[in-house]
Asks: 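Handing you this structure, nothing more for now.
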Amino acid sequence: MAEFQKAANLSSIKEGEVKGVKINSEEIALYRLGKDIFATANICTHEQCIISDDYLIDGQEVECNCHGSHFNIKTGKNTVPPAAEPLKTYKVKVEGDEVLIEV
């Protein structure tokens, strides 16, 4: 059964940056857009590169620096190949300064 677990403190996630965290055995990338936090898998679906080593593009996409794939951080959808599969997304809620992810 899925449950929400603490992933990070809100204050540790900087606007326009990607923060990698690990919950249980899942690698998760956290993104901050203003007051909103989004979470996707932290492993690119193309060649399993680490997404949090990369950066946001136009505020809503992340680019994998290994081969240039782009993903929408809200939906996980791949928007630029070579990746053909989307990133898994996670439900997020913020309670005070705690960012909780449903895993």
Side-chain angles (χ1 to χ4, degrees):
M1 177 179 212
E3 62 181 42
F4 281 89
Q5 294 187 22
K6 181 178 178 181
N9 290 326
L10 181 62
S11 57
S12 73
I13 306 170
K14 306 277 188 264
E15 177 75 27
E17 292 183 359
V18 184
K19 180 178 181 71
V21 298
K22 189 171 187 174
I23 299 177
N24 301 329
S25 62
E26 296 188 53
E27 297 282 348
I28 299 171
L30 302 174
Y31 314 89
R32 184 174 187 164
L33 294 178
K35 295 180 180 180
D36 296 322
I37 302 294
F38 300 94
T40 68
N42 197 21
I43 308 295
C44 180
T45 59
H46 175 242
E47 289 288 335
Q48 285 66 55
C49 294
I50 302 296
I51 297 292
S52 61
D53 290 343
D54 304 323
Y55 52 91
L56 292 179
I57 300 168
D58 296 330
Q60 294 189 19
E61 290 189 353
V62 67
E63 177 182 4
C64 178
N65 281 330
C66 288
H67 299 102
S69 296
H70 290 206
F71 300 91
N72 181 292
I73 65 170
K74 294 179 179 182
T75 65
K77 180 180 177 183
N78 56 306
T79 58
V80 175
E85 297 296 320
L87 294 174
K88 179 180 178 179
T89 58
Y90 297 86
K91 291 182 182 177
V92 178
K93 66 181 178 179
V94 177
E95 293 181 352
D97 190 49
E98 292 188 343
V99 176
L100 306 171
I101 306 297
E102 186 178 46
V103 290

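Just so it is clear, the structure is predicted and the values come from calculations on it, not from any experiment.
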Asks: Counting neighbours of NZ on K77 that are heavy atoms of other residues, nucleotides or ligands and sit closer than 6.0 Å, is the number greater than 12?
Replies: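 Not buried by this count: 12 neighbours or fewer within 6.0 Å.
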
Asks: Rounded to the nearest 0.5 Å, how far apart are NZ of K91 and CZ of F38?
Replies: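 Between atom NZ of K91 and atom CZ of F38 there are 14.5 Å.
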
Asks: Report the distance from atom CZ of F71 to atom NE2 of H46, rounding to the nearest 0.5 Å.
Replies: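 Rounded to the nearest 0.5 Å, the CZ-NE2 separation comes to 9.5 Å.
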
Asks: Can any side-chain N or O of E15 pair as donor or acceptor with the backbone N or O of G34 at less than 3.5 Å?
Replies: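 Between the backbone of G34 and the side chain of E15 there is a qualifying donor-acceptor contact (under 3.5 Å).
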
Asks: Think K93 forms a cation-pi with F4, using NZ or CZ under 6.0 Å from the six-ring centre and within 45 degrees of its axis?
Replies: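 The answer is yes; both the distance and angle limits are met.
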
Asks: Counting distance only, does the side-chain N/O of N72 pair as donor-acceptor with the main-chain N or O of T75 below 3.5 Å?
Replies: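 Present.
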
Asks: Are I50 and N42 close enough, and set up right, to give a side-chain contact (heavy atoms from CB on, under 4.5 Å), and what steps lead you there?
Replies: CA-CA 6 Å; I50 302 296; N42 197 21; 3.6 Å; yes

Asks: Measure the CD-CD1 distance between E27 and I51 for me, rounded to the nearest 0.5 Å.
Replies: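 One finds 11.5 Å between CD of E27 and CD1 of I51.
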
Asks: Is the closest side-chain heavy-atom distance between Y31 and V62 below 4.5 Å?
Replies: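 Yes. Closest side-chain heavy atoms under 4.5 Å.
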
Asks: Would you say Y90 and L100 are hydrophobically clustered, going by side-chain heavy atoms of ILVMFWY under 4.5 Å?
Replies: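 In one cluster with Y90: L100, no.
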
Asks: May I ask you to check whether S69 and E63 show a side-chain donor-acceptor distance below 3.5 Å?
Replies: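 Short answer, no.
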
Asks: Please give me the minimum heavy-atom distance between K74 and T89, naming the atom from each residue.
Replies: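 Looking at all heavy atoms of both residues, the closest pair is O-CG2, 4.1 Å.
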
Asks: Check ring pair (Phe, Tyr, Trp, His ring centres under 6.0 Å) between H70 and all other residues, then give those that pass, not counting sequence neighbours.
Replies: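 For H70 there are no ring pair (Phe, Tyr, Trp, His ring centres under 6.0 Å) partners, ignoring immediate neighbours.
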
Asks: Determine, for cysteines C64 and C44, whether their SG atoms are under 2.5 angstrom apart.
Replies: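 Cysteines C64 and C44 do not qualify as a disulfide pair, their SG atoms being 2.5 Å or more apart.
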
Asks: Name the residue from V92, I37, V21 that meets the side chain to side chain contact (heavy atoms under 4.5 Å, CB included) definition with I101.
Replies: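 Running side chain to side chain contact (heavy atoms under 4.5 Å, CB included) over V92, I37, V21 with I101 returns exactly one hit, V92.
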
Asks: Which atom names give the shortest non-hydrogen contact between A7 and L30, and what distance separates them?
Replies: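 Between these two residues, the closest heavy atoms are CB-CD1, 4.1 Å.
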
Asks: Could you give me the CA-CA distance, side-chain angles and deciding distance for K19 and S12, then say whether side-chain contact (heavy atoms from CB on, under 4.5 Å) is met?
Replies: CA-CA 8 Å; K19 180 178 181 71; S12 73; 3.4 Å; yes

Asks: For P86, give me all partners under side chain to side chain contact (heavy atoms under 4.5 Å, CB included), at least two apart in sequence or on another chain.
Replies: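 Result, side chain to side chain contact (heavy atoms under 4.5 Å, CB included) vs P86: N78.
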
Asks: Would a 4.5 Å heavy-atom cut-off, applied to side chains only, mark E26 and K88 as touching?
Replies: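 Touching, per the 4.5 Å side-chain cut-off.
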
Asks: Which heavy atom of L10 sits nearest a heavy atom of G96, and at what distance?
Replies: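 Heavy-atom minimum between the residues: CD2-O, 4.3 Å.
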
Asks: Considering all heavy atoms of both residues, which atom of T45 and which atom of A83 are nearest to each other, and what is their separation?
Replies: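 Answer, listing the atom of T45 first, then A83: OG1-CB, 3.6 Å.
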
Asks: For I73 versus G59, what's the shortest heavy-atom pair and its separation?
Replies: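 That closest heavy-atom pairing would be CD1-O, 3.9 Å.
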
Asks: More than 12 foreign heavy atoms under 6.0 Å from CG of D97: is that the case here?
Replies: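 Yes, CG of D97 has more than 12 neighbouring heavy atoms, counting only those of other groups under 6.0 Å.
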
Asks: Would you check, one step at a time, whether the test side-chain contact (heavy atoms from CB on, under 4.5 Å) holds for Q5 with N24?
Replies: CA-CA 10 Å; Q5 294 187 22; N24 301 329; 3.4 Å; yes

Asks: With clusters defined by side-chain heavy atoms of hydrophobic residues (ILVMFWY) lying less than 4.5 Å apart, directly or transitively, does V80 cluster with I43?
Replies: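 Looking at the clustering, V80 is in a separate group from I43.
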
Asks: Between R32 (side chain only) and S11 (backbone N and O only), is there a donor and an acceptor less than 3.5 Å apart?
Replies: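 No; judged by distance alone, with no hydrogens or angles, the pair does not exist.
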
Asks: Hydrophobic clustering (ILVMFWY, side-chain heavy atoms < 4.5 Å, transitive) - are I23 and V99 grouped together?
Replies: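 In one cluster with V99: I23, yes.
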
